[in-house]
Amino acid sequence: MRVFSGIQPSGPLHLGNYLGAVRQWVDAQSSDAFYCVVDLHALTLEISPDALREQTIDLLATLMASGLDPEICTIFIQSQVSYHAQLNWLLECVSTYGELSRMVAFKEKSQRQEGYRVGLLTYPVLMAADILLYETEEVPVGDDQRQHLELTRDVAEKFNHRFGETFRVPVGTQPKVAARVMDLQEPTRKMSKSISSPLGKLNMFDSPRDIEKKITKAVTDTDGEVRFDWPKKPGVSNLLEIFASLSGETPAQVAARYTRYGELKSDLAALVIETLAPLKRRHDELLASPDELRRVAARGAEKAAAVAGMVYQRAAAAMGLA
Ligand code: ATP
Ligand code: LTN
């Protein structure tokens with residue numbers, strides 16, 4: 001099964017990124033899996049060149065510390081495989097302004113940036129290029145990426161219809177629990193790197209004290225009953241989903257074991273700390289050898305380019321490029 005997914009080097013990963021995306025990647029890794037640090041996508045954010053460089057290497061270390069093994073799968077950096085930017089242009093010429101301006105992520109993010117740049121609008125086309133270059137069958141992502149995946153499928157189908165069978169049409173996959181981890185302070189909105197407040201997001205490498213503090217302060221409700229019920233009890237349901245995702249139970253099974261919020265929160269904090277501690281140690285070790293991380297990326301880019309080059313040539317020829 002050909003698997004592809006990508007993640008932006010836009011800052012430290014939070015628990016939503018880990019449970020919604022990265023852990024699925026680890027489960028799906030094989031010689032047919034390609035995972036990409038999408039640094040070109042991160043250029044749509046306000047980010048300094050030094051920060052982008054540092055966060056890109058840090059993200060590589062985070063992915064490997066989470067269990068991705070470059071001996072098993074291919075891990076690479078998007079900008080090191082030039083076909084992504086090249087196919088992006090070809091696909092921009094089959095995508096419409098209308099479909100891109102309907103993307104929810106664009107509508108939200110463009111409201112936050114005054115004089116937003118064109119890259120924010122065309123962002124999902126580059127994402128489609130990422131995916132289609134690898135003849136991808138499955139794209140493991142969190143729930144918030146569903147609409148972008150639909151656009152990728154539409155673009156692929158439109159291209160195939162107009163220029164002949166060129167791209168495989170992929171599907172997105174989400175985990176059964178924790179596909180949409182919510183902000184701990186505003187549990188009706190997703191935990192986000194760029195939008196959540198410091199108390200609202202649990203970073204993978206927060207200190208044990210911070211993890212405890214953030215979970216203790218997580219917003220719940222006043223009826224005091226531990227019950228899994230998203231519409232009525234989003235705060236508690238969010239904690240139950242996170243717990244279940246880490247313990248391998250269902251949220252209802254976890255709920256059945258607790259009567260008080262305090263106990264649920266302190267056990268959840270202990271479980272999060274215990275799960276993440278070895279990953280943090282490994283992350284720090286890996287970061288101590290940045291040259292080795294760069295070698296991993298270079299080898300990954302070479303393997304990725306061999307596949308992407310073939311698909312890019314096919315698309316370019318189909319469109320009539322010489
Ligand atoms: P930003 O806020 O900067 O857009 P983000 O936190 O949404 O960042 P991304 O880098 O856009 O994170 O997403 C990386 C992966 O993590 C994607 O597959 C995305 O679906 C997933 N993901 C992001 N947030 C969550 C969340 N709260 N719950 C589950 N999965 C998530
Ligand atoms: N838009 C995605 C990141 C992303 C991606 C991809 C995910 C860029 N290219 C290709 C899957 C496949 C996001 O998480 N914000």
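Order of appearance sets the numbers: ligands from 1, and atoms from 1 within every ligand.
Per-residue contacts place K109 under 4.0 angstrom from the following atoms of ligand 1 (heavy atoms of the residue considered): 1 (P), 4 (O). Less than 4.0 angstrom separates some heavy atom of G20 from each of these atoms of ligand 1: 29 (C), 30 (N). Listed by number with element, the atoms of ligand 1 under 4.0 Å from a non-hydrogen atom of I7 are 10 (O), 14 (C).
Looking from atom 28 (N) of ligand 1 to the surrounding protein, the closest heavy atom is V181 N, 2.8 Å. The protein non-hydrogen atom at the shortest distance from atom 6 (O) of ligand 1 is H14 NE2, 2.7 Å. The protein atom (non-hydrogen) at minimum distance from atom 2 (O) of ligand 1 is S192 OG, 2.5 Å. The nearest protein atom to atom 23 (C) of ligand 1, hydrogens excluded, is given as N17 ND2, 3.2 Å; this is a heavy-atom distance. Nearest to atom 3 (O) of ligand 1 among the protein's heavy atoms is S194 OG, 3.1 Å. Shortest contact from atom 20 (O) of ligand 1 to any protein heavy atom: D144 OD1, 2.5 Å.
In this structure, the ring of Y116 has its center less than 6.0 angstrom from the ring center of F106. If you look at F34 and F4, their ring centroids are not closer than 6.0 Å.
Residue pairs meeting the ring pair (Phe, Tyr, Trp, His ring centres under 6.0 Å) criterion with at least one partner in residues 266-297, sequence neighbours excluded, are F205-H283. The stretch residues 126-141 participates, sequence neighbours left out, in these salt bridge (charged side-chain N to carboxylate O under 4.0 Å, His left out) pairs: E135-R314, E137-R168.
One option in G142, P140, G16 has a heavy atom closer to atom 17 (C) of ligand 1 than any other, and that option is G142. The closest heavy-atom contact to atom 24 (N) of ligand 1, among the options K190, Q145, Q8, K193, comes from K190.
A side-chain donor-acceptor contact under 3.5 Å links Y35 to the backbone of W25. For the pair S48 (side chain) and A51 (backbone), a donor-acceptor distance under 3.5 Å is present. Between the side chain of R153 and the main chain of P170, a donor-acceptor pair closer than 3.5 Å is present. Of the possible donor and acceptor atoms, one in the side chain of D39 sits under 3.5 Å from a partner among the backbone N and O of S79.
Proximity of R189 to ligand 1, defined as any heavy-atom pair under 4.0 Å, is not found for any part of the residue. Only the backbone of R180 comes within contact range of ligand 1, with a heavy atom under 4.0 Å; no side-chain atom does. Using a 4.0 Å cut-off between heavy atoms, S10 contacts ligand 1 through its side chain alone, with no backbone atom that close. Of all the heavy atoms of A179, the ones lying under 4.0 Å from any atom of ligand 1 belong exclusively to the backbone. Neither the backbone nor the side chain of M182 has a heavy atom within less than 4.0 Å of ligand 1. Within the 4.0 Å heavy-atom criterion, the part of A21 lying near ligand 1 is the side chain and not the backbone.
Contact between V296 and P70 at its shortest, heavy atoms only, is CG1-CB, 3.8 Å.
At a heavy-atom cutoff of 4.0 Å, ligand 2 is surrounded by F4, S5, G6, Q8, V38, H41, Y123, M127, D130, I131, V139, V141, Q145.
Between E71 and R299 there is a salt bridge, with a side-chain nitrogen of the basic residue lying less than 4.0 Å from a carboxylate oxygen of the acidic one. Salt-bridge check for R209 with E212: failed, with every basic side-chain N at 4.0 Å or more from each acidic carboxylate O.
In this structure, F159 and F163 have tilted ring planes: the angle between them lies in the 30° to 60° band.
Taking H41 as the reference, Y123 meet the ring pair (Phe, Tyr, Trp, His ring centres under 6.0 Å) condition, with sequence neighbours excluded.
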Does the side-chain hydrogen bond (donor to acceptor under 3.5 Å, both in side chains) test come out yes or no for R112 and S194, once each step is laid out?
CA-CA 11 Å; R112 286 168 190 273; S194 49; over 6 Å; no
